[in-house]
Amino acid sequence: MRALCWEGVGKLAVRDVPEPGIRAEGDIIVKVRASSVCGSDLHLINGYLPAMREGDILGHEFTGEVVETGPGVQRLRVGDRVVVGSVVACGGCWYCRTEQYSLCDNSNPQPVLTEKLWGHSPAGILGYSHAAGGYSGSHAEYIRVPFGDVGAFKVPDGVADDAVVFASDAMPTGWMAADFCALKGGEVVAVWGAGGVGQMAARSAQILGAERVIVIDRLPERLATAADRLGVETINYAETDVLEALREMTAGRGPDACIEAVGMESHDVGPIYAYDKAKQSARLTTDRPTSVRQAIMACRKGGTVSIVGVHGGLVDKFPLGAAMNKALVLRMGQMHAQRYIPMLLDRLAVGEIDPGYLATHPMSLEDGVRGYELFEKKQDACLRSVLHPAA
Amino acid sequence: MTSNATRWALLGATTVTALGAGRAVARRRRRHQPDRQGGWYVVRRGVTVDRPMDAVIGFWTDRERLDRALAEWATLEQLDDNRWRCVASDPAGGGTEWRAEITVDGPGRLSWRVDEGPVPQRGHVDLVSAPQDRGTEIRAELRYRAGGLLRRVLGPVGGDEPDLGLRDALRRIKSLVETGQMIDTRHDPSGRDATQEKATDRVRERLTTGGRA
Ligand SMILES: NC(=O)c1ccc[n+]([C@@H]2O[C@H](COP(=O)([O-])OP(=O)(O)OC[C@H]3O[C@@H](n4cnc5c(N)ncnc54)[C@H](O)[C@@H]3O)[C@@H](O)[C@H]2O)c1
Ligand SMILES: [Zn+2]
Ligand SMILES: [Zn+2]
């Protein structure tokens, strides 16, 4: 079959690879119908997250059709149209039982590196390096999904592939970001990053009761799309002093909750950014935490900072004093896909959330390399390229 | 003998078998030096399984499930009321066999010894209820003598290979009890040629062996 493979830092290629097969009782094989790029892939492609190997198949946000089931699979049948959470969860450990699926104890068979880096190993993730289990990804004609009963969900009739595909990752991530904010109604929520994740976080915050949502980015077309589709306010950080603007927009209070949906390759203008970038390129620091710093500085006293942008290691100049003295609540994590997907599919089916507009660039798998280039360089107003292996 | 004891012996067999597997795949590595007591290296490891103690013991009655998961390379033979012999062949091949004698010492406790084979060892496993609703702690202690083959493999520094094996074994047991299977991504497709795949398998091995149980 054909698949999009990582070939070294910054290099991708579509190759012939073997087809996957059932390896364990709970496995299913999914014929991929749509598979999206995600901001996390950029961290992997650029070598900021560890343990990628040449030939690894990328992709973790996808939908498709079940074509084979392992002997232990009960909930799914061949022919079912499913969307699959990016995070692999066993369904049988304490973390799964308490719906903290991205912390699953048993889904990363290669836990040694993350245990060393972080003290414990979180869940495995499909198509996400050998540190996250070494699973093959979804930018391929077929993918093996372990624990199929736990991770794959039937798609409601009438929902398009290019919309439901985001129920795999961008939607649950955005929802969890807003969920972390513990909104009671009437809050002001600021969101850093107008990518797929930031946009879904903004929409989720609205649904969960935020009165005003302010989205921050530097890409005018993404900000325009957010304003247009979601009716949020926007700040362009390349033109405006973000902290000043947020203080002014909230009459001095600062946002009640600040969501960071940018991640470790956060961009900025000015000298500190040059310093961070130089250190990161020389691998002296692993993450560029510009937007996290800003979120902490901007947040109102006693407010919540919710981080869903992915970070991998150590950061410099983390404003711990601000967080401590303002008594902030910090929440963060990889999303608990399986906890949110069924609820999100219901909301999708009735049109309460409509993520279809994120799929700005649908294309064939063969065009995948160009798809990533458009996405990485944010060309042609690309929000997400969605690959169609069957096309 | 009660069937509980049989179940227990199976748990021991699994530990020992997985230990054999862990030993077979572990490579030369130096972390900390294990404690030494009277000529034995001593390692203690624990893992928490999200099941009540009865269920942890009961799991091992499902002989079929156990066979499917592990026993391809192990056989268990009852010697008398409290003792079993477990013979496990090295899953990495090479014809190495492990013969362990397993004794059930009481409810929630069993021990085993391996006198033949490259690494003489003694071990015991205790089950303890975990606090809050957290299931059962499996606590294992392993004593081994690093001589002969092990010393030749590891060099004079000695080593923690059995420690890695023990951690691996506990992680596998936890996964088996909690999910009925052990995840393996070694055969997932990729764009690698045979040489690249070999190099990647070595990386996988380093990322797999041990773990922090
Ligand atoms: N926690 C999870 O489970 C999870 C799941 C999916 C994605 N993610 C992470 O979420 C992040 C966003 O993903 P995405 O797919 O939307 O990526 P994306 O690349 O499409 O979007 C990131 C956006 O952030 C903007 N940005 C860069 N620096 C900024 C700054 N200083 N302030 C404000 N905006 C800035 C960029 O212009 C871009 O529009 C990534 O780090 C990704 O790894 C996390
Ligand atoms: Zn993602
Ligand atoms: Zn789990």
Side-chain angles (χ1 to χ4, degrees), chain A residues 1 3-7 13-21 23-27 51 53-57 70 72 88 90-98 104-116 119-121 124 126 130-131 133-137 140 142-144 146-147 150, chain B residues 26-27 29 31 47-51 55 59 64-65 68-69 130-137 164 167-168 170-213:
Chain A
M1 66 172 185
L4 182 76
C5 302
W6 186 80
E7 303 265 288
V14 180
R15 296 241 172 277
D16 285 319
V17 305
E19 287 184 9
R23 310 285 324 175
E25 299 186 7
D27 286 359
R53 300 288 303 172
E54 253 179 81
D56 281 347
I57 302 172
V88 184
C90 77
C93 70
W94 182 77
Y95 290 100
C96 288
R97 179 156 64 86
T98 54
C104 174
D105 269 340
N106 298 312
S107 63
N108 184 349
Q110 306 181 164
V112 174
L113 180 60
T114 46
E115 286 182 352
K116 274 191 189 147
H120 298 87
S121 173
L126 297 169
H130 290 267
Y135 293 100
S136 293
Y142 299 93
I143 180 172
R144 177 179 77 101
F147 305 115
V150 185
Chain B
R27 286 275 181 273
R29 252 191 305 169
R31 292 189 199 190
V47 73
T48 305
V49 178
D50 188 41
R51 295 290 180 278
F59 174 83
E64 196 196 323
R65 185 149 61 159
R68 262 209 311 277
Q132 295 183 311
D133 181 26
R134 294 298 308 266
T136 305
E137 297 174 2
L164 295 180
R167 298 204 228 176
D168 218 30
L170 291 176
R171 189 153 51 78
R172 285 156 185 267
I173 286 169
K174 171 181 164 71
S175 182
L176 271 176
V177 177
E178 291 182 342
T179 77
Q181 63 184 59
M182 285 174 306
I183 284 288
D184 182 356
T185 54
R186 231 166 317 169
H187 303 279
D188 272 18
S190 79
R192 284 182 278 280
D193 61 27
T195 319
Q196 289 171 319
E197 193 58 38
K198 246 194 178 150
T200 300
D201 276 343
R202 283 195 293 275
V203 171
R204 287 181 182 282
E205 220 171 88
R206 280 209 303 280
L207 295 179
T208 304
T209 311
R212 193 183 143 286

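So you know, we letter chains A, B, ... as the sequences are listed, proteins then strands, and number each from 1.
Gln196(B) and Glu54(A) are linked by a side-chain donor-acceptor pair at a separation below 3.5 angstrom, with hydrogens and angles left out of the test.
Comparing Arg144(A), Glu7(A), Glu19(A), Met1(A) by how many heavy-atom pairs each has under 4.5 Å with chain B, the most go to Arg144(A). In terms of heavy-atom pairs under 4.5 Å with chain B, the best-connected choice from Cys5(A), Ala3(A), Gly133(A) is Gly133(A).
For the residue pair Ile183(B) and Pro146(A), the shortest heavy atom distance occurs at CD1-CB, 3.6 Å. Nearest heavy atoms, Ala24(A) versus Gln181(B): CB-NE2, 3.6 Å. Among all heavy-atom pairs drawn from Leu207(B) and Ala51(A), the shortest one is CD1-CB, 4.5 Å.
The line from CZ of Arg53(A) to CD of Glu197(B) is 9.5 Å long, rounded to the nearest 0.5 Å. Atom CG of Asp56(A) is separated from atom CZ of Arg192(B) by 4.5 Å, given to the nearest 0.5 angstrom. Within the model, atoms CZ of Arg23(A) and CE of Met182(B) stand 13.0 Å from one another, a figure rounded to the nearest 0.5 Å.
Residues satisfying the side chain to side chain donor-acceptor pair (under 3.5 Å) test with Asp105(A), not counting sequence neighbours, are Lys174(B). For Thr185(B), the side chain to side chain donor-acceptor pair (under 3.5 Å) test picks out Arg204(B), with sequence neighbours left out.
Side chain of Asp188(B) to main chain of Tyr135(A): no donor-acceptor pair is present (N/O by atom type, distance under 3.5 Å, no hydrogens or angles).
Under the 4.5 Å side-chain criterion, counting only non-hydrogen atoms from C-beta, Asp133(B) is not in contact with Trp94(A).
In Arg186(B), the CZ atom is not crowded: 12 or fewer heavy atoms of neighbouring residues, nucleotides or ligands sit closer than 6.0 Å.
Only the side chain of Ile57(A) comes within contact range of chain B, judged by heavy atoms closer than 4.5 Å.
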